[in-house]
Structures are given as structure tokens and as C-alpha cells.
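These notes are about the structure you will find just below.
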Amino acid sequence: MAKFKSVVIFLAIFCLIGIIHGALLNSINVFVTWLLIGIWLIYSFKVLKNIKQYREFNSPHNTAFFTIGPVLMGIFYSVWSNFTGLLGENLLESTDLYLSWWSILFGFPYILYGSISLYRCFKKYNVIHFRRKSIKARTFGFILGISILLFIIIYWISFYSIIDFYESLITPLHFLIDLNLLILLISTILLLIVPGLFGAQTPLPQLTRDYIARRTSRLNNLTSPTPNRQRQTVRTTTRSSPTPSTRTVARTTRSVSRSARSTPTTNRYSTSSREKKTTQTVGRRATGPVRRKKTVTKISNFNLYKPKAARLSTEDFKCIFCFKLPEYPKDNGRGIILCPKCKYPAHADEFKDWLQSSNLCSRCNTPIPSSFRRNPKTISVKNYIIVIKHFVSNRR
Ligand SMILES: [Zn+2]
Ligand SMILES: [Zn+2]
């Protein structure tokens, strides 16, 4: 709320400057221009803040905020160069093209940013996120690119054919073609053709069954026998499946028995159908008497347990080795260890197995400090589920 207040105050200051300056020059254009400078500064501040945050979490900028926003800003501020009351002198004299300090300062940075984002839609990103939804990046790139073209063309046609309409709103100060928009038009056409139509994208490895199986078998090769065997017997007795000789067998039987189990279970976490396809075990509510007797310890600072991702989903709380969400009664006693750097979770036993052969985090490849290796901080599964709930339900 304090943030909102400071934004309002900031805008009010620019509004005031605009009113005074506009009244002195007797021009609405000057007033609106000052207001737009205020909005531009606020937006740019927000962009820089988000970039900083995303860099900290090492996240790609494949969100609507970083793709649509800059394009809209670039187009709008370039369009305004026909109206601007400040910095509007044409630097390109004796041509039909227009370039002013206004377009260089306020339009061009976002025109450039928008074009780079569009390029990344075709070449770098797989998907673009809209809050909790996502769309294929290439499809999105085509939609965005074509919208840009349509918008610029419609704007030009309307601007030059129904000038009266624009004059009734606000007086255009010149009728030259803005160089920014021309650059954006040309670059968008090029981007739609070169990386768009003719460029092939190299797909990233998908989280398929094969991929998971490879990871699991790699993990099994690392297994140190003693602690696991103990755990195994405990598990098999509770699940009354035939005693498995190796861990792999245990895994497969477990997953089979789980899928065969037909008792109605409620999904604790709403997950998309896509997630369910790749991993059949998504968090389940503990049925029966075990259901939440009491919350054990209070977690004072949830941020200590927050995986370093800008956008959290249940995916971020899956064990980095077995790709399963910690489940309470089932995994009880196993414990969860978080990577000290990326804070992604792993089952404690699997994490320790992994450390036998590597001193890098399996997910972020950061070296794990030897003090942490000797004495890793373990959280109970029960508590970690509280952490998951905290972050996943907060996002709704
Ligand atoms: Zn695991
Ligand atoms: Zn890590």
C-alpha cells in the first residue's frame, strides 16, 4: 500500500509540473508530456527492479511483463513523438523522417528492448508465462509480431486519413513519420521472417519418463547400501509389497501399487494436467487418522526455505533427485535438505547419497560447503509441507 502511495505522490509531482509548465506555455501537449515522463520513469523503475530480481534468481525473462510491456511502451512513446510538447525538435532536418530527443530518450530504449524480446521468443524461450498460464513462445512471437505490424499500419493510416479525429483529442505538432516506428516495423518484419518462419529452435530436454528414469538409475548407482536398506524394510512392511532386492525394484513396484490403488484421494495441490502426465505422483492429502494432529514447530521465516525462482509453482518443491513432492505420512522420517544456494529441496537420504560422489548441487551446480556436507540442515517433511503450502497457496 505504501508503494501505491509513493507512486501516486510521484505522479502528482509530475502532474503539478505539467500544469504549471503547460499553463505557462498554454499547451495541453506540454502537460500530458510531463505526465507521460512520470509514467515512463515509474515503469522503467519497475522494469529495473524486476530485472534485478530475476537476475538474483537466475530466471529467464520469459514473462508477459518482459515481452508485451516494453513493446507497448516503445510504440506508445514513439507515437507520442507526434504530439510531444517537450524535446520534440526534429534532429533530422530536410527529410520526411522524424527523430527527436524525445524519441531517442523515451521511445527507442523500449523499441530496442521489445525487438530483443521478440527475437528471444523465437530463439531462446520455450514458453511465455502469463501469471499461472503459459503459451508456446513461438506462437506468442507470431501473435506479438503480427499485432505490432497491424498496430503500426493502422495507426499510420488512421493518423494521416482522419487527422480531424486526432485534433479533436489533442493537436499533433508535426506529421512526419517517426523513425522509431519505422525501425520497429522493419525489425519486426525481419524477425517474423528470419528466426520466425525459417529459424528452427533447438528444444530443451523435456522432463520425460526416460529422462527421469536416467536420473533415477544414475542415483541408484550412487547408493550407499546401509541406510537405504533400513528404510526399505520399513517401507515395504507398511506397503505389503513383495520384498524388493534393489532400490529400483522398490521404486517401480511402489509406483505401480500407487497407480493401482483406487481409493479416492484428494489432490492437495492443484496441478495442471501437464504435470500429472510426467509425474504421476502429485501431493496427496493424508487420508485417515493421521490428518494434521498438530502443527509441529512454527516456521518463523519462510523465505529461508524459498526456492530461488521468480515464479514458484509446485514443480519447484519437487525433490531434485526423484522429482516427487514430499508427502507427509509416506515420507515421514526421511527429512528434507535444501541446497544452501538454490534452496531447492531433496530427500535427505538421496541428498546424502549424492554427496558421496559429488560436491556440487545437482540442480544449480554450486559447490556445497564442506561444513554443510558434514552437517546438512534437515527439515522434517511435515514442516516442509507447511512451507510448500505457504508459497503455493500464497500465489492464488
Ligand atoms: Zn527424492
Ligand atoms: Zn542448488
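Numbering of ligands and ligand atoms starts at 1, following listing order. All values below were derived from every heavy atom in this structure, side-chain atoms included, with hydrogens, water molecules and symmetry-related copies excluded.
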Only one of Trp40, Tyr43, Trp101 passes ring pair (Phe, Tyr, Trp, His ring centres under 6.0 Å) with Phe106; say which it is.
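So the option named by the test is Trp40.
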Among Lys324, His347, Lys382, side chain to side chain donor-acceptor pair (under 3.5 Å) partner for Asp331
His347
In terms of relative ring orientation, are Tyr113 and Phe66 parallel, tilted or perpendicular, with 30° and 60° separating the classes?
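Geometry flag for Phe66 against Tyr113: parallel rings.
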How wide is the angle at the Zn ion (ligand 1) between ND1 of His347 and SG of Cys319, to the nearest 10°?
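ND1 of His347, the Zn ion (ligand 1) and SG of Cys319 span an angle of about 110°.
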Could you tell me the angle subtended at the Zn ion (ligand 1) by OE1 of Glu350 and SG of Cys322, rounded to 10°?
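The OE1/SG angle about the Zn ion (ligand 1) sits at 120°.
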Protein N/O/S atoms closer than 2.8 Å to the Zn ion (ligand 2):
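Listed by chain and number: Cys339 SG, Cys342 SG, Cys361 SG, Cys364 SG.
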Output, in order, the C-alpha distance, side-chain angles, deciding distance and verdict of side chain to side chain donor-acceptor pair (under 3.5 Å) for Ser44 and Tyr110.
CA-CA 10 Å; Ser44 303; Tyr110 285 113; 2.7 Å; yes
Is it the case that more than 12 heavy atoms not belonging to Ile28 sit under 6.0 Å from its CD1 atom?
no
Just checking Phe108 against Tyr77, ring centres under 6.0 Å apart?
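No, too far apart.
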Ring-ring centroid check Phe130 Phe140, cutoff 6.0 Å
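Ring centroids of Phe130 and Phe140 are less than 6.0 Å from each other.
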